[in-house]
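A quick note: this is a predicted structure, and the numbers were derived from the prediction, not measured. Proteins come first, then strands; the chains are lettered A, B, ... in the order of their sequence lines, and each starts at number 1.
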Number of protein chains: 2
Amino acid sequence: METKTALLNAAERASRTHGYDGFSYADLAREVGIRKASIHHHFPGKADLALALINRYRGNFEQALVDISAKQNLGGAKLQAYLDAYRAGMSGGKTMCLAVAFSIGRESLPEAVVKELHTFHQSGIAWLSELFELGKQDNSITGVSNPEFEAAACLALVEGAQLQARAADDLARFDIAVSALQQRINL
Amino acid sequence: METKTALLNAAERASRTHGYDGFSYADLAREVGIRKASIHHHFPGKADLALALINRYRGNFEQALVDISAKQNLGGAKLQAYLDAYRAGMSGGKTMCLAVAFSIGRESLPEAVVKELHTFHQSGIAWLSELFELGKQDNSITGVSNPEFEAAACLALVEGAQLQARAADDLARFDIAVSALQQRINL
DNA sequence: GTCTATAGATTGATAGAC
DNA sequence: GTCTATCAATCTATAGAC
């Protein structure tokens, strides 16, 4: 594997468990097996690393949403797949979504990363809006009033559910927090 | 004002904007107007400071919930007051709930603080459970099935809504994310 | 209770050899 | 592309004078 990719993998794992301010070049060097100084060849500064990280993450995430859209037809089925994917990405409750991890370190982040963070949320909400619009029309999600509001609420719900699971170190917290939404899925 | 209190105030503000790993004794010293070394007289280590911080925060938060319970009779009115209080505590979107800020830095926190974090969530969910149970009985909140699930979902929702508002630096994101829940309030 | 002085470790980052 | 060596800055923390 490319050293650059290995560094991104290590940085993603580290920032999703410790936050942006909670990991260092020394941590990455240890994990990848090179020296601290060598990292600067691939990413001149930590800001460059953070930007590459959120960029790759957003790309992967959006691709996952496209895949779900292609595979599932009903709105409710898409929602179920979304919740499953989000849950699976938590590594048993040990890691957070990168967007959540970065949101806390916002003040330490370069402007460009904050912008990416914003775009990430925007595109996620846009995708969820279509999902709820569809679920309303095909009757596979019950009680949908305003799809846009539902989308924003859904994103907030999964991010908050993730925080609870992490604080308690118990993935079941995630399931409990999303179960009311899940019960509205009508397949 | 007591120096100790001033330090706690500074530490709360700092950790709620930068996270636990994002502030230092130097920051507090600058804000309070004493030297770094003097802080150790009041809080021997950063771990002691963190514990005192979450402890005070939890006490204040629980008192606020008691006040709401005393002032409002209907479940829906309590819920509205809860959302208002949570929103007001965000300082216009610049700060997060301490529990959210600490959840990210979990790995850096001493065991005792993690335990407090857990208790904080537990008591919050317990209070919300009673609220939804009441709202179901007095018909002031619509569509309540399982009060416990609703409580966990509500806590996740406000925490996630807060993250979105912070990431976008726009308090309106909070309002949008909670509006679907708010529309279920039937007074 | 606050100060100066200082310690030892760690931070992100750079220069230059190989 | 990776290394050694080194940098200045910052981190939490301690000792001891006042």
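The residue among A/Phe23 and B/Glu2 whose nearest nucleotide of DNA chain C is located toward the 5' end is B/Glu2. Taking the nucleotide of DNA chain D with the nearest heavy atom to each of A/Lys36 and A/His41, the more 5' of the two is matched to A/His41. Of the two residues near DNA chain D, B/Tyr25 and A/His42, the one whose nearest nucleotide lies more 5' is A/His42.
Residue A/Val32 is tested with A/Leu8, A/Asp27, A/Asn9, A/Leu7 for a side-chain contact (heavy atoms from CB on, under 4.5 Å); the sole match is A/Leu7.
Residues satisfying the side chain to side chain donor-acceptor pair (under 3.5 Å) criterion with A/Asn139, sequence neighbours excluded, are absent altogether.
For the pair B/Lys78 and B/Phe132, the cation-pi criterion (under 6.0 Å, within 45° of the ring axis) is not fulfilled. With a 6.0 Å cutoff to the six-membered ring centre and a 45° limit on the axis angle, B/Lys115 does not count as a cation-pi contact of B/Phe120.
With a cutoff of under 4.0 Å to any heavy atom of chain A, the contacted region of DNA chain D is bounded 5' to 3' by D/dG1 to D/dA5.
Between the CG atom of A/Leu28 and the P atom of C/dT11 there is a distance of 10 Å, rounded to whole Å. Rounded to an integer number of Å, the gap from B/Lys46 NZ to C/dT10 C1' is 13 Å.
Using cut-offs of 30° and 60° on the angle between ring planes, the pair B/Phe23 and B/Tyr20 is perpendicular.
B/Glu2 and B/His42 share no donor-acceptor pair across their side chains, judged by distance under 3.5 Å alone.
Counting non-hydrogen atoms under 4.0 angstrom, A/Ser24 reaches the backbone sugars and phosphates but no base.
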